[in-house]
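For reference, the structure discussed in these notes is given below.
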Amino acid sequence: MNQPGQLSDQQVDLIAVRLAERLGRPTTPVTAPAVATPAPEAPAITPVVKRSMALGEGVFAELDDAVEAARTAFRELDGMSLERRQKIIDCIRESMLEHAEELARHAHRETGLGRAEHKVIKNRLVARKTPGTEVLTPQAVTGDDGLTLTEYAPFGVIGTITPTTNPTSTIICNTIAMLSAGNSIVFNVHPNARECSQANVRLLHRAIVRGGGPDNLVTCVADPTIESAQALMVHEGVRLLAVTGGSGVVRQAMRSGKRAICAGPGNPPVVVDQTADLDHAARSIIAGASFDNNIVCTDEKEVFAVESIIQELIQKMIRYGAYLLVGEELRRVEETIFTEQRGPRQHAVVEKSLIGQNASEILAKSGISCMGDPPLLVARVPNDHPLIWTEQMMPVLPVTPVPDVNRGINLAKEAEHGFGHSAGMYSHNIEALSRMARTINTSIFTKNGSFYCGLGEGGEGPTSFTIASPTGEGLTGPRSFSRLRRCVMVDHFRIV
Ligand code: NAD
């Protein structure tokens, strides 16, 4: 971590490169060979240019150069066979599994969010279960009038914006899905996750080259900012946008005039009714809501429990390790985690420095002593409490009583704010489960399991860390990043 006002190595590298550019030295990429043979006429800057080893391998000082390099790489990939593309994806999966832990620890160290061991799980999950080229099955229709083929084609360069909450898992997931579809990528990563994201891009670059792919299929800007993200959104070399983040970046991408696949915020509710297996519900909700300290957009964020079982559910949550906030403690925690409360049923303003911190840290900051390291804080609150209506991304889970399951479903729908992101329910009443699934209308609906099961971790199916609810793709995969193209042969090629 740098002290305020102190430049990071990366910033020093950038200054060096820009200085070198002005002095007429090689501009981009400043790759290892350029460093190995410094120009003799400029000895004064040699030591600094040496540090620009950090550039290259997909990392560019200038956005224009990153886009241009990705464009060239796209054309090369476009000329390769599907078998070679598959080999590249295999190499990426292998490398990302090998480096899953190192990248997770790097992301945790740099962002200070979540729990390193959970980030390892996320990285492994996306490396294993993000769908690849196998899902791009072409369609053939034959009949009296001949044969029609429909195939999945790439767009070209995809401008991709990633969050600070899942920096490396989003990069790995997006890369596998987008490259499988034959595209290349320019990432503008979250500034607070710049170093781990660049390390990830470099590892991907090496894996791609090892797999026989071209340089710079995956690129990023070395010094990402909101401004560079916005420049990427309107760059003429970028054919498609994929953004993962909060409402601001989604709104901005939708205004860009380009096709945008947007994965926005959520506030996933859980409903528990009187027919549920309460022991299983308590254990699974705690595991889900505490996953990576609740910074994952799909994590359980509030619970609506039928009045007759709420007390038993909370008791079981305590048995599985949750810390119940009682009396004055809830008020103290609220004062710690919110900088402003805007009244009942309103989204409160959260204290940013506490996002993704351990429950024990939040307790300590609230002046509450506690033994050990509870995974989650739980509070029984009224329906209109701001904790219910706020995507706080902290391990503080509100549980609120509802008179019956229908009221729970309706309130859950309201608390989800119409994001259409994620939700779930614990019940053995199949009618209630179906009613909630239909009513809540989310991209992911998990029945009787932790919400990470809905991401394919402990549940069936592929995964994605870009869940595009506003634009409707849901869990994005190679098909989301493909154009459909049709070819019609009139009168011939039917073989029957
Ligand atoms: P964020 O919105 O602060 O940042 C996300 C990315 O967008 C970053 O790269 C940031 O630099 C960029 N950005 C932000 N505002 C921008 C603007 N006005 N113009 C251009 N670029 C802009 O989000 P975060 O804190 O990194 O992530 C948390 C949020 O993302 C939560 O709301 C969470 O629910 C959501 N999220 C959603 C998904 C999903 O799949 N739907 C996945 C992860 C996170």
Side-chain angles (χ1 to χ4, degrees), residues 63 107 110-114 119 122 125-126 130 159-174 177 186-194 196-198 200-201 220-221 223-235 238 241-256 258 260-268 291-301 347 349-350 352-356 390-394 416-417 419-423 442-444 451-452 454-456 463-477 480:
L63 175 63
E110 183 180 3
T111 64
L113 303 178
K119 293 185 188 299
K122 296 196 295 186
L125 173 64
V126 288
T130 303
T160 307
I161 293 172
T162 53
T164 185
T165 46
N166 319 309
T168 56
S169 35
T170 307
I171 288 175
I172 298 167
C173 174
N174 287 170
V186 179
F187 281 111
N188 196 96
V189 303
H190 196 293
N192 294 352
R194 185 184 57 184
C196 63
S197 301
Q198 285 178 19
N200 202 158
V201 165
C220 67
V221 281
D223 194 13
T225 58
I226 299 280
E227 291 70 32
S228 63
Q230 293 176 355
L232 180 67
M233 287 180 185
V234 294
H235 199 290
V238 170
L241 298 175
V243 308
T244 307
S247 308
V249 68
V250 167
R251 267 196 308 274
Q252 190 74 34
M254 284 178 160
R255 277 201 297 262
S256 69
K258 285 191 200 296
I261 293 175
C262 297
N267 192 34
F291 185 55
D292 215 10
N293 283 343
N294 203 261
I295 56 170
V296 182
C297 57
T298 54
D299 281 349
E300 294 83 342
K301 301 242 175 334
H347 202 294
V349 182
V350 299
K352 285 209 170 81
S353 66
L354 290 176
I355 288 175
T390 305
E391 187 198 32
Q392 359 127 16
M393 297 193 290
M394 297 175 200
E416 214 269 327
H417 302 294
F419 290 134
H421 194 302
S422 298
T442 44
S443 295
I444 308 178
F451 285 6
Y452 53 65
L455 289 176
T463 197
S464 176
F465 271 59
T466 293
I467 299 145
S469 302
T471 48
E473 291 79 5
L475 284 93
T476 55
S480 320

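This is a predicted model, so every value here is computed, not measured. Atoms considered below: every heavy atom in the structure, side chains included; atoms not considered: hydrogens, waters and symmetry mates. Read the numbers this way: they start at 1 and go in the same order the structure lists the ligands and their atoms.
Listed by chain and number, residues touching ligand 1 at under 4.0 Å (heavy atoms only) are I161, T162, P163, T164, T165, N166, N188, V189, H190, P191, I226, A229, Q230, M233, T244, G245, G246, V249, Q252, A263, G264, P265, G266, C297, E391, M393, H421, F465, T466, I467.
Between V296 and N166, some side-chain heavy-atom pair lies under the 4.5 Å cut-off.
The ring-ring contact (aromatic ring centres under 6.0 Å, His included) search around F291 returns H118, Y452, not counting sequence neighbours. With sequence neighbours left out, H417 forms a ring-ring contact (aromatic ring centres under 6.0 Å, His included) with F419. Every side chain to side chain contact (heavy atoms under 4.5 Å, CB included) that A231 has, sequence neighbours left out, goes to L63.
Judged by distance alone, the side chain of K301 and the main-chain N or O of E416 form no donor-acceptor pair under 3.5 Å. In terms of modelled atom types and a separation under 3.5 Å, the side chain of S464 and the main chain of T476 share a donor-acceptor contact.
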